[in-house]
2 protein chains.
Amino acid sequence: MVTGRAASPPTQANAEDPIVFVIDDDASVRDALSNLFRSVGLRTVTFGSAHEFLQHKPADVPSCLILDIRLPRLSGLDFQAELAKAGIHIPIIFMTGHGDIPMTVRAMKAGAVDFLTKPFRDQDMLDAVTTAIDRDRSRRDEAKVLANLRGAFATLTPRERQVMTLVTAGLMNKQVAAEIGVAEITVKIHRGQIMRKMAAKSLPDLVRMAEILGIGRASGGAQT
Amino acid sequence: MVTGRAASPPTQANAEDPIVFVIDDDASVRDALSNLFRSVGLRTVTFGSAHEFLQHKPADVPSCLILDIRLPRLSGLDFQAELAKAGIHIPIIFMTGHGDIPMTVRAMKAGAVDFLTKPFRDQDMLDAVTTAIDRDRSRRDEAKVLANLRGAFATLTPRERQVMTLVTAGLMNKQVAAEIGVAEITVKIHRGQIMRKMAAKSLPDLVRMAEILGIGRASGGAQT
DNA sequence: GTTGCGACTAAACCTAAGTATGGTCCTCCC
DNA sequence: GGGAGGACCATACTTAGGTTTAGTCGCAAC
């Protein structure tokens with residue numbers, strides 16, 4: 001994508017490049033990881049505590065978080081739960097010097113990408129980061145599509161939403177009309193408006209949008 | 001759900017009831033788990049080795065597998081990998097007396113439901129089993145729907161499949177006709193045949209089927 | 001009070017979808 | 001060589017989908 005990249009100085013960060021965040025109270029660990037990631041060209045930002053991380057404005061690029069289980073105030077696991085509750089879904093890689101199996105299980109159940117015991121091989125960490133970044137990239141792509149669809153859906157009037165639900169459920173215009181008690185022509189006009197507002201190029205297109213938006217669940221469809 | 005259950009003798013198994021499989025080389029562990037599960041009304045079948053389990057014909061009901069990490073010949077983790085490779089997707093709950101974190105991570109990454117360290121509380125095991133059975137039930141339901149759809153799709157002729165792909169992608173009959181080089185009327189006839197064979201009640205219905213079948217990926221749709 | 005908008009509708013019109021009926025051509029298989 | 005089935009097409013017809021134009025009604029904001 002970026003041409004003439006070889007000429008760029010290594011410190012010049014591209015706004016599209018992924019970022020690795022590291023939280024550890026041990027400065028030597030932070031530096032070691034920072035060097036490791038920079039050596040493979042990854043932007044890295046380190047923090048001494050979970051609190052500092054939260055102060056930092058969330059980056060709008062694929063990223064992941066390296067977390068020590070044992071953090072200054074909050075445990076890494078509790079911090080993971082906090083982030084989830086706050087709707088922050090950054091992939092997490094745990095490190096630990098003295099973790100146990102229940103901790104590991106809890107972290108993995110909560111969606112952690114990996115759980116590395118110190119000392120770990122650099123390559124294991126790099127592999128985990130690659131997986132985590134890929135996962136975040138996919139998640140962000142999906143979130144973006146969903147946000148756009150929700151934005152379009154929000155421009156629909158209540159009636160249009162209702163019509164969209166029934167139309168994508170497979171009802172004919174006349175059936176929709178009977179269902180909501182209006183004339184068929186009215187449904188047609190709503191329907192045209194829906195297609196324009198949702199920027200749907202065809203009915204199948206609209207149906208797929210409805211699926212992504214989770215519209216019309218709890219009514220018969222493609223089951224057997 | 002089941003009425004008049006109290007009158008049934010505990011040994012009378014309903015063919016729809018879930019089953020818990022236990023593999024452990026220690027007979028006392030097998031008995032203890034068997035008693036635990038039976039005490040809550042769960043059908044339980046135990047095995048002394050992975051080999052014995054494989055001899056047993058797979059049950060066609062929601063089930064899960066309790067596995068000791070340390071098995072006679074094969075390790076529990078390797079057995080998990082074997083099952084996955086063989087396409088057997090039964091949810092697994094691991095038990096261990098002397099496991100470590102890398103084992104735990106590997107098991108969880110491979111989809112294990114839980115990883116319990118001995119001694120564990122009965123309630124933890126029961127909770128894990130409940131989760132596992134629920135997971136298997138969902139998976140089986142989805143697999144059943146998918147199998148039915150695939151079965152219907154298999155009855156389509158190559159031409160019909162092609163038309164279905166293009167129609168569910170949102171092309172009009174005349175566009176499909178131009179695309180494959182036939183008359184519009186021919187497309188209409190194929191289309192009618194498709195609706196009958198797939199038992200689709202409407203175009204949105206067919207579109208959802210196509211989605212589940214993964215048809216027509218790699219062409220523009222509901223993106224922004 | 002009038003402007004804007006959502007919801008509704010009619011009439012007229014056009015295109016798309018779907019269903020017979022009837023038929024050709026080809027290929028594979030018994 | 002006769003039958004089955006897939007693919008194809010024409011004619012004729014019906015129903016469904018969709019747009020344009022034009023207009024009513026009610027309500028909330030300015």
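Per chain, numbering begins at 1; letters A, B, ... match sequence-line order.
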Locate the shortest heavy-atom distance separating [X] from [Y]; write the atom from each residue and the value.
| X | Y | result |
| --- | --- | --- |
| A:K201 | A:M195 | C-CE, 4.4 Å |
| A:L42 | A:P18 | CD2-CG, 4.2 Å |
| B:R43 | B:D17 | NH1-O, 3.3 Å |
| A:L203 | A:R191 | CD2-NH2, 3.6 Å |

Note the angle between the end axes of the helix from C:dG1-D:dC30 to C:dC30-D:dG1, five pairs defining each, rounded to 10 degrees.
->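 Answer for the end axes of this duplex: 40°.
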Is it the case that B:R38 and B:S34 place a side-chain donor and acceptor less than 3.5 Å from each other?
->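 Yes, side-chain donor-acceptor contact under 3.5 Å.
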Any side-chain heavy atom of B:L166 within less than 4.5 Å of one from B:I180?
->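 Yes. Closest side-chain heavy atoms under 4.5 Å.
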Are any non-hydrogen side-chain atoms of A:S63 and A:D136 less than 4.5 angstrom apart?
->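 Yes, at least one pair of side-chain atoms sits under 4.5 Å.
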What one-letter contact string describes nucleotides 24-30 of chain D from 5' to 3', where B marks a base within less than 4.0 Å of any protein heavy atom, S marks contact via sugar-phosphate atoms alone, and - marks no contact?
-> -------
Whole-Å gap separating [atom2] ([N]) and [atom1] ([X]):
| X | N | atom1 | atom2 | value |
| --- | --- | --- | --- | --- |
| B:K174 | C:dG18 | NZ | C1' | 15 Å |
| B:M172 | C:dC14 | CE | P | 17 Å |
| A:L203 | C:dA17 | CG | C1' | 12 Å |
| B:R159 | C:dT27 | CZ | P | 16 Å |

DNA chain C contacts among residues 179-198 of chain A, heavy-atom distance under 4.0 Å =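 Per residue number, the list reads A:V182, A:A183, A:I185, A:T186, A:I189, A:H190.
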Considering just the side-chain nitrogens and oxygens of A:N173, establish if one lies under 4.0 Å of OP1 or OP2 belonging to D:dG17.
->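 Result: yes.
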Please state whether the phosphate of C:dC5, meaning OP1 or OP2, lies under 4.0 angstrom from any side-chain nitrogen or oxygen of A:T157.
->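 For C:dC5, OP1/OP2 do not have a side-chain N/O of A:T157 under 4.0 Å.
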Under 3.5 Å donor-acceptor, A:T186 side chain and A:V182 backbone |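 Checking the backbone N and O of A:V182 against the side chain of A:T186, no donor-acceptor pair under 3.5 Å is found.
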Flag, side chain of B:K174 to backbone of B:E184, donor-acceptor distance under 3.5 Å |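 Here the side-chain-to-backbone pair does not exist.
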Passing candidate, side-chain contact (heavy atoms from CB on, under 4.5 Å) with B:M198, options B:M209, B:Q193, B:E160 |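 Result for side-chain contact (heavy atoms from CB on, under 4.5 Å) with B:M198: B:M209.
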Show the numbers, then the answer: is there a side chain to side chain contact (heavy atoms under 4.5 Å, CB included) between B:F53 and B:L65?
-> CA-CA 10 Å; B:F53 173 76; B:L65 177 59; 4.1 Å; yes
